[in-house]
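Everything below concerns the one structure shown next.
Throughout, numbering of the chain's residues begins at 1 and tracks the sequence.
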Amino acid sequence: MEEKKELMRQIKDEVVDLKKSPLYKYRTENNYLPVIGEGSHNAKIMFIGEAPGRNEAKTGRPFCGAAGRVLDQLLENAGIKREEVYITNIVKDRPPENRDPSPEEIKIYGPFLDRQIEIIQPKIIATLGRYAMGYVMTKLSLEDKLEPIGKMHGRVFAVPEEALAKLGYKGCEVKVVPLYHPCVAVYNPHNLDSLKKEFEVLKDL
């Protein structure tokens, strides 16, 4: 655990000083914080979103705003404790006006996420939203399975052994579960029930 904490601290230090990021200036001008991640470093389930919003950038905590409240409901409904999972995003700094992350931003921040997966070695990787789904599925050699998120959400994909070996996994199975981003229930509360059903997939796994 101490080694994992130190490796995560190194990631945080590098992101804090990431001057090559196009989001660095925006962060410092607005007194925002980078959002590295939160939760158990021994988590069996890792949730990966796209990028932090305003509340997240102000506090340095992932999913602490409206979408975070929905995520908390979904976890509670599925009987999953938030403190036992790990929650992060691909992009660690807030894009202006909560716009979608750019390909350049994903390319810059993606390696930090790769290292987080390697450190935690979760058994289930739940992606939240289409950008996280696309990045993770491609990174884990599942790009041939990619379809629009409307067809992907709630399905379970086994990660090939060779992709796991590159991340230091040894002799275990890892599943990727693409899910809608919790914000879909913020914009339309009628989506909450269907999201709850999808999260029960995680409980079953």
Do Ile11 and Val35 sit in one hydrophobic cluster, given that two such residues count as connected whenever their side-chain heavy atoms are within less than 4.5 Å of each other, even indirectly?
no

Paired with Asp93, the side chain to side chain donor-acceptor pair (under 3.5 Å) test is passed by just one of Tyr24, Tyr32, Tyr109, namely Tyr109

Sequence-distant partners of Arg9, salt bridge (Lys or Arg N to Asp or Glu O under 4.0 Å), two or more places apart
Glu6, Asp13

Is there a donor-acceptor contact under 3.5 Å from the side chain of Thr88 to the main chain of Ile36?
yes

Glu105 and Arg99 ion-paired at < 4.0 Å
yes

For Lys25, check salt bridge (Lys or Arg N to Asp or Glu O under 4.0 Å) against everything at least two apart and list the hits.
Glu29

Run the salt-bridge test on Arg155 and Glu147 with the 4.0 Å N-O cut-off and return the result as yes or no.
yes

According to salt bridge (Lys or Arg N to Asp or Glu O under 4.0 Å), who are the partners of Glu200, at least two apart in sequence or on a separate chain?
none

Val177 and Ile125, any side-chain heavy atoms less than 4.5 Å apart
no

Rounded to the nearest 0.5 angstrom, the NZ-CG distance for Lys197 and Asn77 is 11.0 Å

Just one of Ile117, Val176, Asp114 clears the side-chain contact (heavy atoms from CB on, under 4.5 Å) bar with Lys139, so which one?
Asp114

Take a 6.0 Å sphere around CD of Gln10 and say whether it holds more than 12 heavy atoms from other residues, nucleotides or ligands.
yes

Sequence-distant partners of Asn30, side chain to side chain donor-acceptor pair (under 3.5 Å), two or more places apart:
none

Enumerate the residue pairs fulfilling salt bridge (charged side-chain N to carboxylate O under 4.0 Å, His left out) with a member in residues 30-47, sequence neighbours excluded, ordered by first and then second residue.
Glu38-Arg61, Glu38-Arg82

With rounding to the nearest 0.5 angstrom, report the NZ to CE distance, Lys12 to Met8.
12.5 Å

Could you give all pairs that pass the ring pair (Phe, Tyr, Trp, His ring centres under 6.0 Å) test and reach residues 177-205, with sequence neighbours left out?
Phe47-Phe199, Phe63-His181, His153-Tyr180

Got a salt bridge between Glu56 and Lys92, using NZ or NE/NH1/NH2 to carboxylate O under 4.0 Å?
no

Roughly how far, to the nearest 0.5 Å, is the OH atom of Tyr86 from the CD1 atom of Ile48?
10.5 Å

